[in-house]
2 protein chains.
Amino acid sequence: MPATPKKTNPSMLDVARHAGVSIATVSNVINRPEKVSKATTEQVRAAISELGFVRNDAARSLATGTTSSIGMVLADLDNSLFVDMAHGAQQGADAIGLRLLLGNAACDLDRQDDYLRLFDEARVGGVLLSPMEDSLAGIERMRSHGRPMVLLNYDQDGIECCTVLVDNEEVGYLAARHLIETDCRRIAFVAGRDYYQPVHARRVGVQRAVREAGGAVLEEIDTDGLAFEDGVAVARALGERSTAQRPDGIVAVTDDIANGIADGLHAALIAEVPGDISIVGCEDNRSARSGPVALTAVQLEGAKMGQAAAELLLEEMNNPAGEHRHRTVVVRPGLVVRASTAAAPLGV
Amino acid sequence: MPATPKKTNPSMLDVARHAGVSIATVSNVINRPEKVSKATTEQVRAAISELGFVRNDAARSLATGTTSSIGMVLADLDNSLFVDMAHGAQQGADAIGLRLLLGNAACDLDRQDDYLRLFDEARVGGVLLSPMEDSLAGIERMRSHGRPMVLLNYDQDGIECCTVLVDNEEVGYLAARHLIETDCRRIAFVAGRDYYQPVHARRVGVQRAVREAGGAVLEEIDTDGLAFEDGVAVARALGERSTAQRPDGIVAVTDDIANGIADGLHAALIAEVPGDISIVGCEDNRSARSGPVALTAVQLEGAKMGQAAAELLLEEMNNPAGEHRHRTVVVRPGLVVRASTAAAPLGV
DNA sequence: CGCGCGGATTTAAGCGCTTAAGTCGCGGAC
DNA sequence: GTCCGCGACTTAAGCGCTTAAATCCGCGCG
């Protein structure tokens, strides 16, 4: 066993010696096989596998000044939206032969910064970032180093960066319209934290849908937060009303709230979902599964966002720094109908 | 705008010139600040931030022959088990100042191989791999390059590697014992594909729990596969029986089957869960959320596994190749009680 | 028989960093 | 007054690869 010390991995030089050729030839065999004669190629190949040679990427990228990978820093892998984004980005990266390296910030700003720095030092071709709030500093640092970067789901002024956003107004619109199409007329929009940009946009979308529909009325119910419990509280409040006073269709601004409402309604036997009240959530997050009924929801299409981001990044990577104009692409959300809303009436 | 070409990022040499010192001093400021005088340090620091210098990690690791990151290749990020593993590994890596790079194979063997190769070429300190079936080739290649690696959730003979496994027998045991403790006496174990090692182990665990308990009987129900529909089919079959002939507690070998059963029972009004029949799933996967009732399940403790793996990896990284003895650590699963089983009787 | 040619290979100059081995001054000990 | 030691810095030799330029060599041609 101690017979094979195998201290350091073999280098190209070792391969070259082993094959009786020069180091440049080995490099050529690997990178431009067409420049090397058949016979030599064979020998070198043999030497490579005999020695178990693996090209040292550090040296390679030092010599060429390029990398074949891009980095992606995700705010929270526990949230399926980000997993979807990773998928989409993967797709996009694959299409052009780039490797996607993932870093999970796990909701920790420091860690997000760590990864940003790591990717910066690793001189990746570019970075995809789904930033947490207050990520400005890290973003600007990266930008100032001239590294291509695109932001996902971060709608903030004054950012000089390509960005992929979801059309949150459309999210609200689709949710409300679905309710209306399934014959709900007393619509409620349940939300908190209106200063939060996505919340506000969804509200506007809901309002528009109701207005357009005519014949439907909209009630806006405020919550303290955006969590399950806030939904439960709303359900409780609804329980105090007479049946006629209750909405017959609810758009909750998050899946969690939606599930909370459904659970509250269900547990206290206040109303049947969707029999008495239909509920639509927003986001369609796989980790929000706390409710008693499968939730109809408007999904954010993380995969599309990821892919769009990868394409944007590529665009920036391929353009000389001066030339590039930052763009924002807005991804349209989609409705996923499940059990928490009545099926659309036949023939509609 | 074209005034600042900022072609390539500044190098240490640039910083050195800018600060009027030698390149070695710059390096020292960064790596061994105690060897440099206060004043010089200041100057260099200033130059660094003025130029926006970022150390080139490729060059660094080429020069030192080390990296500060380890790679992790996950079979499928859509499966929360792997997300949990990533978390755990992250934890473990953080603790010792290593950076964890993630690659998502997304159930694609080629992609898994790609990532393995990428990490190999990047000379990461080591690799954590949750392999898919038939990953032998990639594993051996990596091993033969002498790169430290530990496997997660891959119980296969003839692998020369540290491994982290879950105690699947315990999984079955815990599930069945929970049912028994909540007063179920006619236990059913629902599973398919017994040739699949985890399935078989869980079966053995269930059998042991029932045997130990005494007074309970075990029925083993076979399914074709391990999916939701297979559970639905079982529910249907149960519907044909008289109530007395039905089990009062079911261990399903996967969450999906468990949810299928619950859904089938519920939809066809065959039985109440947990009123008439309690159900326990295995795995506790967040993406399995198709059921009508929150599932009690035995969870695989992905986070613990990830952390254990990171520790094992560290152990191997710190030991001279010859010295290291491969080990296998087995993580004990845990029970998560939710709504699909009756609460334990008071006082038990 | 000498030339020019072109394909096959080698030479050598870096890429940006680390680090062992100097160099340089300067103050204190003898 | 000389010399040593020491702190603060610089020199220079790589790390393993890429690549442009140089070299080599066998051939067909005039």
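Values reported hereafter were calculated over all heavy atoms of this structure, with side chains retained and with hydrogens, waters and symmetry mates removed. Numbered from 1 within each chain, the chains take letters A, B, ... in sequence-line order.
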Item to check | side-chain contact (heavy atoms from CB on, under 4.5 Å) between A:Arg123 and B:Val54, worked out | outcome: CA-CA 9 Å; A:Arg123 299 284 193 274; B:Val54 177; 3.7 Å; yes
Next on the checklist: Run the side-chain contact (heavy atoms from CB on, under 4.5 Å) test on B:Leu151 and B:Met149 for me, step by step, so that the C-alpha distance in whole Å, both residues' side-chain angles and the decisive distance to 0.1 Å come before the verdict.
Outcome noted: CA-CA 7 Å; B:Leu151 266 24; B:Met149 169 158 83; 4.0 Å; yes
Checklist entry - Hey, mind stepping through B:Asp94 and A:Arg111 against salt bridge (charged side-chain N to carboxylate O under 4.0 Å, His left out) and telling me if it holds? => result CA-CA 10 Å; B:Asp94 269 12; A:Arg111 185 142 28 188; 2.6 Å; yes
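Atom CG of B:Leu13 is separated from atom OG of B:Ser22 by 10.0 Å, given to the nearest 0.5 angstrom.
Here B:Asn31 does not reach the OP1 or OP2 of C:dT19: none of its side-chain N or O atoms lies under 4.0 Å away.
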Item to check | Under 4.0 Å protein heavy-atom contacts per nucleotide of nucleotides 9-16 of chain D, with B for base, S for backbone only and - for none | outcome: SBB--BBB
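Rounded to whole Å, atom P of D:dA8 lies 14 Å from atom CZ of B:Arg32.
A side-chain N or O of B:Thr64 and one of B:Thr66 form a donor-acceptor pair less than 3.5 Å apart.
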